[in-house]
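Every heavy atom of this structure was used, including side-chain atoms; hydrogens, water molecules and symmetry mates were not. One-based numbering along the sequence shown.
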Amino acid sequence: MAITAALTVLLTLIHVACGQLEDVIIDRYFIPTHCSREVQTGDYVRYQYNGTFEDGRKFDSSLDKGFPFVGQVGVESKVIPGLDKGVQGMCVNERRKITIPPHLAYGVLGAGLVIPPDATLVFDVLLLDLWNKEDKVQIRTLHKQQNCKRTVMPRDFVRYHYNGSLLVGNLFDSSHLRNSTYDTYVGQGSLIRGMEEGLLGMCVGERRLIIIPPFLAYDDKGYGTKVPPYATLVFDVLLVDVYNVKDDVNVEVQKIPQPCRRRAVVGDFIRYHYNGTFQDGTVFDSSYSRNSTYDTFIGMGYVIAGIDKALQGVCVGEWRRVTVPPHLAYGENGSGELIPGSAVLIFDLHIIDFHNPKDQVDIKVIYKPADCNLTSAANDLIMYRYNCSLLDVAIDGRTWYDFPEPPRVTLGQGKLIAGLDEGLQGMCVLERREITVPPHLAHGTNGALGVPSSAVLLFELELLQLQKGVPEGFLFIWLQDSPEPLFPAMDMNQDLEVPLEEFSAFIKLQVAEGRGRLHPGIDSDVILRDMFKKQDRNADGKITEDELNIIVNEDDEVPKHEEL
């Protein structure tokens with residue numbers, strides 16, 4: 001009833017009173033703390049009201065009708081002049097008691113049976129919304145990252161969190177309450193027009209307050225039971241992700257060692273550490289937290305396509321930041337509870353090492369003496385110094401000078417890992433080398449104490465001593481033709497028997513004169529006693545010519561003396 005007054009202007013003109021006419025009386029009994037805008041002529045408003053007479057009797061109420069009043073102020077207005085005048089200057093959430101004299105209400109005629117003539121009307125008004133057809137989307141930046149490399153553009157796919165509220169502050173929706181981002185394309189009609197506009201230009205991590213007038217939101221239809229018709233919407237938006245379906249992997253090289261001797265290719269086996277984050281910086285996974293590298297083949301589909309691509313061309317020790325769009329990561333489905341659907345992933349990679357299963361020992365000679373006539377080989381006894389490290393770090397932090405005594409070993413006897421054994425062969429005394437040993441020639445997939453699984457090892461070597469050896473299983477070899485016949489030469493006092501002392505003296509003489517060689521690394525007296533025992537076949541403490549000349553095979557014409 002209070003909203004319709006066809007004869008208002010006429011009634012006002014014929015109203016007669018003595019003296020000055022009364023004006024509208026406004027009691028602003030609740031004013032919100034923050035008021036960014038006041039009602040002006042030409043604005044559209046949405047408000048709830050109760051209409052009463054001065055004695056308190058109610059004649060009309062929007063609350064009873066179940067929907068608020070919506071209209072334009074002062075332009076072909078649907079309401080009585082006093083109410084039009086009384087709402088001007090109001091703020092959203094403000095409450096007013098507006099007392100309207102008869103000449104600004106229904107005058108001397110009243111309104112049917114509801115409003116008697118010359119009635120003063122009292123309206124209790126709560127302003128819910130305020131907008132103008134000239135309004136545009138309002139954007140207020142609440143937080144923005146300093147380093148913004150990319151902003152939202154039309155046709156991008158975005159993931160964002162939001163709180164949606166009406167202008168009075170009532171929350172009507174929230175992605176936070178669902179613990180799930182809102183994911184959609186921008187500029188393809190999937191969103192209300194005001195949100196499409198409000199998202200453009202945002203950076204990941206940016207937070208915006210986006211205020212959308214009704215005609216750029218749900219207009220006169222509203223949305224369900226929570227968004228009424230003609231509602232201005234306020235969205236508090238946090239942009240989590242943005243990408244385009246045309247995006248490729250983005251690689252940012254942060255640190256690269258010099259020199260880079262080799263770059264990884266498809267088929268290589270690689271070990272690397274990583275931190276995995278979303279674009280907003282949230283960590284979703286880290287190899288460091290497991291204290292273990294991630295080990296895999298490159299280009300063979302064992303990791304997501306984006307990482308497979310980004311690992312190609314890396315150097316050992318290199319640091320890379322890799323941004324992987326969802327279509328090269330886990331796509332629309334994500335991965336369990338860890339990776340949400342359509343998530344852009346950022347990996348900070350540190351390359352520890354890589355190798356190819358076909359790799360051999362790589363030998364780099366650092367120093368070689370000019371006089372190099374004698375080189376190490378299988379079965380030789382050597383003494384050497386070494387530093388051993390992974391390609392990115394020393395295994396135990398010690399250098400070769402920290403060891404109390406350099407190690408001694410016989411080459412080719414399976415005492416060392418295969419790659420180190422190979423790298424120590426062919427060296428001169430005082431030669432220095434740097435050798436790189438792939439894991440299949442080192443400790444393999446099992447690793448060892450201080451050596452991770454599938455680790456490439458780097459050795460710095462220096463050969464200190466070299467004693468030429470004898471074939472495996474031998475204790476003594478002739479370097480020249482042995483004396484023929486042998487027994488008379490061995491029977492140095494010609495008494496037709498050779499005790500241990502005489503046997504030892506004979507062998508030592510051959511070694512001293514360069515005609516024979518004992519097994520290095522074993523005490524010579526131990527070797528000689530063992531050799532003597534094998535020849536003293538009746539164990540009487542002496543060797544005779546018959547014992548020495550033993551035919552092992554009846555087809556052999558020449559007597560065999562085993563090592564002798």
Side-chain angles (χ1 to χ4, degrees), residues 1-32 35 37-134 167-168 214 220 228-232:
M1 181 71 71
I3 312 304
T4 306
L7 301 177
T8 300
V9 176
L10 176 61
L11 293 173
T12 302
L13 291 174
I14 66 174
H15 185 274
V16 179
C18 295
Q20 188 174 355
L21 296 177
E22 296 179 36
D23 202 352
V24 172
I25 299 173
I26 298 175
D27 177 12
R28 304 179 70 181
Y29 68 89
F30 177 78
I31 302 174
C35 180
R37 179 176 182 176
E38 296 179 346
V39 177
Q40 297 180 8
T41 299
D43 286 342
Y44 286 82
V45 291
R46 182 166 57 88
Y47 58 80
Q48 298 281 13
Y49 68 90
N50 278 319
T52 63
F53 299 114
E54 287 184 290
D55 60 5
R57 288 179 296 122
K58 182 167 62 174
F59 62 84
D60 193 12
S61 173
S62 64
L63 297 173
D64 294 341
K65 294 175 181 177
F67 53 87
F69 169 77
V70 177
Q72 190 175 18
V73 176
V75 180
E76 298 181 358
S77 180
K78 300 177 183 179
V79 299
I80 57 177
L83 191 52
D84 229 6
K85 186 174 183 179
V87 298
Q88 293 194 35
M90 282 192 78
C91 304
V92 171
N93 266 335
E94 182 179 342
R95 289 180 177 270
R96 285 186 177 183
K97 182 180 178 182
I98 305 171
T99 303
I100 305 174
H103 68 280
L104 293 177
Y106 295 97
V108 297
L109 296 181
L113 299 176
V114 179
I115 307 295
D118 292 319
T120 297
L121 305 182
V122 179
F123 286 89
D124 194 332
V125 177
L126 169 62
L127 185 62
L128 303 177
D129 215 329
L130 164 63
W131 73 95
N132 193 289
K133 285 193 173 181
E134 300 300 320
L167 210 53
V168 292
D220 60 341
Y230 301 107
T232 299

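Pro229 and Asp220 get closest at one heavy-atom pair: CB-O, 3.1 Å. Between Tyr47 and Leu127, the closest heavy-atom pair is CB-CA, 3.8 Å. Tyr106 and Ala111 get closest at one heavy-atom pair: CD2-CB, 3.8 Å. Residue Pro32 comes nearest to Cys91 through the heavy atom pair CG-CB, 4.0 Å, listed as atom of the first residue, atom of the second, then distance. The two residues Glu22 and Pro101 make their nearest non-hydrogen contact at O-CG, 3.5 Å. Considering all non-hydrogen atoms of both residues, Lys58 and Asn50 come closest at CD-OD1, 4.1 Å.
In this structure, Phe59 and Phe53 have tilted ring planes: the angle between them lies in the 30° to 60° band.
Side-chain atoms of Val87 and Arg96, non-hydrogen and from C-beta on, never get closer than 4.5 Å to each other. Contact check for Pro102 versus Thr120: side-chain heavy atoms found under the 4.5 Å cut-off. Using a 4.5 Å heavy-atom threshold, the side chains of Arg37 and Asp43 count as touching. In this structure, Tyr29 and Asp124 have side chains that are in contact, with non-hydrogen atoms separated by less than 4.5 Å. Side chains of Phe69 and Val79 form a contact here, defined as non-hydrogen atoms less than 4.5 Å apart. Between Gln88 and Thr41, some side-chain heavy-atom pair lies under the 4.5 Å cut-off. You'll find the side chain of Met90 stays beyond 4.5 Å of the side chain of Arg28, heavy atoms only. Counting heavy atoms from C-beta on, the side chains of Ile80 and Phe123 come closer than 4.5 Å.
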Given the rule in the side chain to side chain contact (heavy atoms under 4.5 Å, CB included) test, do Asp60 and Lys65 qualify, once you have shown the distances and angles that lead to the verdict? CA-CA 9 Å; Asp60 193 12; Lys65 294 175 181 177; 3.3 Å; yes
Could you walk me through whether Leu83 and Ile100 pass the side chain to side chain contact (heavy atoms under 4.5 Å, CB included) test, one step at a time? CA-CA 7 Å; Leu83 191 52; Ile100 305 174; 4.0 Å; yes
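In this structure, Leu128 CG and Arg46 CZ are separated by 5.0 Å, a value rounded to the nearest 0.5 Å. Interatomic distance, NE2 of His103 versus CG of Asp118, reported as 11.5 Å (0.5 Å rounding).
Looking at Asp129 and Tyr44, their side chains never bring a donor and an acceptor atom within 3.5 Å of each other.
Look at Asp27 and Lys97 and you find no salt bridge, because none of the NZ, NE, NH1 or NH2 atoms lies under 4.0 Å from a carboxylate O.
For the pair Glu94 (side chain) and Ile31 (backbone), a donor-acceptor distance under 3.5 Å is absent. In this structure, the side chain of Asn93 engages the main chain of Val168 through a donor-acceptor pair within 3.5 Å. Panel note: side chain Asp84, backbone Gly74; a donor-acceptor pair is recorded below 3.5 Å.
Applying the salt bridge (charged side-chain N to carboxylate O under 4.0 Å, His left out) rule to Lys85 yields the partners Asp23; only residues at least two apart in sequence or on another chain are considered.
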